[in-house]
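Throughout, a chain's letter reflects where its sequence line sits, starting with A, and its residues are numbered from 1.
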There are 2 protein chains.
Amino acid sequence: MSTRGNQKKVNLQAVADEAGVSRATASLVLRESPLVSAETRKRVIAAIHTLGYIYNRGAANLRRQKTGTIGVVLSNIGSPFFSKLLLGIDEVLVDASIVALLVNSADNPERQMRQIWRLREHSVDGLIICPAAGSDETLLSGIEKTGLPYVQVLRHVSQTAGDYVGPDYAGGTDLAVTHLVRHGRKRIVFLGGYPVNSAACERLDGFQRALRRHRLESDLIIPTDLDNLSDFGALESMMASSSPPDAAICYNDMVALSFMGKLLSEGALPGRDFAVIGADNLPQAATSFPALTTIVTDPAGVGRNAARLLLDRIAEPRVSNMRILVSGQLMVRESCGGPLP
Amino acid sequence: MSTRGNQKKVNLQAVADEAGVSRATASLVLRESPLVSAETRKRVIAAIHTLGYIYNRGAANLRRQKTGTIGVVLSNIGSPFFSKLLLGIDEVLVDASIVALLVNSADNPERQMRQIWRLREHSVDGLIICPAAGSDETLLSGIEKTGLPYVQVLRHVSQTAGDYVGPDYAGGTDLAVTHLVRHGRKRIVFLGGYPVNSAACERLDGFQRALRRHRLESDLIIPTDLDNLSDFGALESMMASSSPPDAAICYNDMVALSFMGKLLSEGALPGRDFAVIGADNLPQAATSFPALTTIVTDPAGVGRNAARLLLDRIAEPRVSNMRILVSGQLMVRESCGGPLP
DNA sequence: CTGTTAGCGCTTTCAA
DNA sequence: TTGAAAGCGCTAACAG
């Protein structure tokens with residue numbers, strides 16, 4: 001907040017003076033109240049323009065007890081997935097004239113707590129939060145104690161407590177398995193990260209449920225290190241075994257792309273010798289060689305739904321908890337089911 | 001901002017009462033003033049805890065004439081590059097106990113103006129802005145008229161006006177050309193987007209300067225559509241000409257990866273038959289086949305520098321404009337210069 | 001070291 | 001339809 005060089009402070013009083021009305025009347029004009037005559041309104045608006053007046057929400061908030069801001073707490077600001085999520089959130093907020101205070105928990109529960117605290121000091125009207133890895137239910141009970149409306153996104157800390165919006169991970173994985181089976185694959189491996197959060201668990205669940213449904217064995221689960229994409233752990237030995245896998249569902253496209261690179265470098269052609277399915281539909285998935293078949297989640301859709309749900313919660317007290325699963329689809333390309341390159 | 005069920009409003013006054021001191025003294029404790037005795041401080045802090053008091057920055061801001069918030073206006077929230085930038089910004093802000101209000105101009109100058117207006121209503125202390133495509137100098141003069149400190153990132157709207165922090169695009173491109181020349185490449189094509197913003201222009205500039213320095217022809221510039229990565233425009237015919245190019249510097253890794261896919265599908269091996277260099281060092285660049293040589297820019301570094309510069313500007317009035325170029329490096333992999341797969 | 005007083009810029013009764 | 005007066009929760013001078 002800067003003071004204009006030599007100019008007088010231009011606040012609502014100044015506008016009122018300029019327009020020859022009282023402060024209260026000017027205030028009504030700002031809030032588009034119908035109680036003020038067209039004539040006065042025009043004078044006030046003119047005054048606003050000539051003075052270059054800027055509405056001070058901070059002051060208004062103090063009085064009205066809400067700020068028109070919400071807090072968004074993400075576990076990893078740096079990820080592309082989150083940026084798409086933000087896009088969806090922003091879309092809804094713009095229409096509601098609300099702005100987002102964005103903070104990063106960096107997947108650290110302690111930092112997460114500090115950040116939420118700071119947001120509360122800024123009197124945000126609500127919270128969209130992707131719980132940091134390692135958070136437990138006390139996160140939710142802590143927030144609830146303060147009465148601040150909140151919505152969890154992408155991960156949930158409890159099976160029952162609190163609102164949640166996320167992609168339908170299980171459904172997406174199921175789609176992928178069914179697709180593979182339809183293309184004659186029988187030994188399907190799940191190349192996923194460790195099930196440390198609800199998202200990873202749901203993907204794994206979906207995988208196992210789908211296998212059972214198709215009466216396939218489900219011993220082919222390989223947790224991989226998501227920070228070291230060139231390490232595929234136990235997969236090496238599995239490939240060399242007497243009944244090697246013939247298809248892989250990967251935790252996400254990054255894993256899938258790396259894995260395809262590995263296959264290529266070993267002389268195998270993904271899509272022909274081995275089916276590969278990723279998840280997220282990154283831009284590169286469409287242009288990789290071979291093009292990657294992938295489970296399309298809709299992060300922006302999740303963002304939009306989360307924002308809308310939060311606005312509802314702010315508008316009226318929670319009745320019961322909502323769980324919104326945003327469904328995805330399968331984008332079929334060369335690495336499984338599409339025409340070979 | 002929600003009212004606690006049946007509980008009394010707990011404000012500074014309540015804390016003061018509980019601790020048996022005056023409001024002013026309690027306020028001093030909050031701001032860690034050394035003017036207050038250890039004994040009273042302890043009592044006040046105890047009161048804060050028993051009451052569950054939360055500092056109301058909004059009210060404090062009204063008084064102090066600053067908010068401890070800055071606005072970040074990005075031209076495309078959805079891009080991974082921007083998420084890394086945010087990461088760097090956040091890193092600096094956390095230490096300064098400042099939070100960022102994030103808004104999206106979606107590369108639309110008009111929307112950009114509305115968003116800035118909204119940020120001003122929230123009394124942000126400063127602005128970090130990546131100008132929307134199509135913005136002109138009036139953007140800066142508009143902001144300057146209000147006296148709000150600001151820093152441009154990634155793109156600048158004027159050669160001279162205003163502070164700017166961005167990657168050293170020209171330097172990075174120069175590195176790439178030199179590297180190609182060292183590896184015997186002579187017909188280097190620049191596969192870049194249209195030079196619609198300062199970033200694209202600088203890359204192109206760097207390319208042309210480097211070619212001149214190495215006394216190479218510079219007629220091989222192909223603007224491509226960054227939204228349609230499978231279309232390489234005039235490149236097709238160029239490849240079929242009598243003296244086809246033997247290397248490409250791509251606008252970014254996305255373009256480079258797509259291009260490598262195209263080469264592969266035509267039976268050419270990137271790194272041997274044709275050198276390819278990208279930019280950004282996306283995670284997939286390390287694991288693609290072949291692994292991609294790329295110009296590493298440091299978006300988080302840009303973010304950190306921008307945030308620091310802005311905090312400086314807020315702390316003291318601008319003396320003269322700063323232009324900070326965050327230098328990058330070349331990550332050499334298989335697609336040019338590294339060992340072949 | 002602590003308390004008193006007077007606002008910051010706005011909204012909201014309640015009268016006129 | 002408009003105006004006067006009383007705060008929202010905090011900080012900054014100043015006096016004790």
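At D:dG3, one or more side-chain N or O atoms of A:T25 fall inside 4.0 Å of OP1 or OP2 (strictly under the cut-off). When the side-chain nitrogen and oxygen atoms of A:S22 are compared with OP1 and OP2 of D:dT2, none of them lie within a distance under 4.0 Å. The side chain of B:T40 contributes no N or O atom lying less than 4.0 Å from OP1 or OP2 of C:dC1. Phosphate contact (OP1/OP2 of C:dG9, side-chain N/O of B:Q65, threshold under 4.0 Å): present. Applying the 4.0 Å criterion to OP1 and OP2 of D:dC10, one finds that B:R57 has every side-chain N and O outside that range. Contact between the side-chain N/O atoms of A:Q13 and the OP1/OP2 oxygens of C:dC8 is not found at any separation under 4.0 Å. Between B:S27 and D:dT11, a side-chain N or O to OP1/OP2 separation shorter than 4.0 Å is present. Side-chain N/O atoms of A:S37 include none lying less than 4.0 angstrom from OP1 or OP2 on D:dT1.
When the nearest nucleotides of DNA chain D are assigned to A:P34 and B:I54 by heavy-atom distance, the more 5′-ward of the two goes with A:P34. Comparing B:G20 and A:L62, the nucleotide of DNA chain C nearest to each residue sits closer to the 5' end for B:G20.
Atom CZ in B:R31 sits about 11 Å away from atom P in D:dC10, given to the nearest Å. In this structure, the CZ atom of B:R64 is 11 Å from the C1' atom of D:dA12, given to the nearest Å. Regarding B:L28, its CG atom lies at a distance of 9 Å from the C1' atom of C:dT2, rounded to whole Å. As rounded to whole Å, 14 Å separates atom P of C:dT11 from atom CG of A:L35. Nucleotide C:dC1 holds its C1' atom 13 Å from the CD atom of B:E39, rounded to whole Å. Look at CD on A:E121: it is 13 Å from C1' on D:dC10, rounded to the nearest Å. We find that CZ of A:R63 is positioned 15 Å from C1' of D:dC10, with the value rounded to whole Å. If you take CG of B:N61 and P of C:dC10, they are 15 Å apart, rounded to a whole angstrom.
Judged by distance alone, with hydrogens and angles left aside, the side-chain atoms of B:Q152 form no donor-acceptor pair with the main-chain N or O of B:C130 at under 3.5 Å. Checked by atom type and distance alone, the side chain of A:Q115 pairs as donor or acceptor with a backbone atom of A:N104 at under 3.5 Å.
Here the CD1-CD1 distance, from A:I98 to A:I89, works out to 12.0 Å after rounding to the nearest 0.5 Å. Rounded to the nearest 0.5 Å, atoms CG (A:D163) and CD1 (A:I129) are 13.0 Å apart. A distance of 9.5 Å separates CG in A:L310 from CZ in A:R313, rounded to the nearest 0.5 Å. Here the straight-line distance linking atom CD of A:E110 with atom OG of A:S135 works out to 12.0 Å at 0.5 Å rounding.
Proximity of B:R304 to B:V326: side-chain heavy atoms (C-beta onward) are nowhere separated by under 4.5 Å. The shortest distance between side-chain heavy atoms of B:S123 and B:N61 does not fall below 4.5 Å.
Within the 4.0 angstrom heavy-atom criterion, only backbone atoms of the sugar-phosphate kind lie near A:A60; the bases stay farther away.
Side-chain contact check for A:R31 and A:S27: at least one donor-acceptor pair (N or O, by modelled atom type) lies under 3.5 Å.
Here the side chain of A:R23 is nearest to one of C:dG9, D:dG3, C:dT11, namely C:dT11. When distances are taken from the side chain of A:L12 to each of C:dT2, C:dC10, C:dG3, the shortest belongs to C:dC10. The side chain of A:A59 approaches C:dG9 more closely than any other nucleotide in the set C:dT12, D:dC10, C:dG9. Distance from the side chain of B:N56 is smallest for D:dG9 among the nucleotides C:dG3, D:dG9, C:dG9. The side chain of A:A24 has D:dG3 as its nearest neighbour among D:dT11, D:dG3, C:dT2.
In the helix from C:dC1-D:dG16 to C:dA16-D:dT1, the terminal helix axes, each the rotation mapping four pairs' C1' atoms onto the next four within five end pairs, subtend 30°, rounded to 10°.
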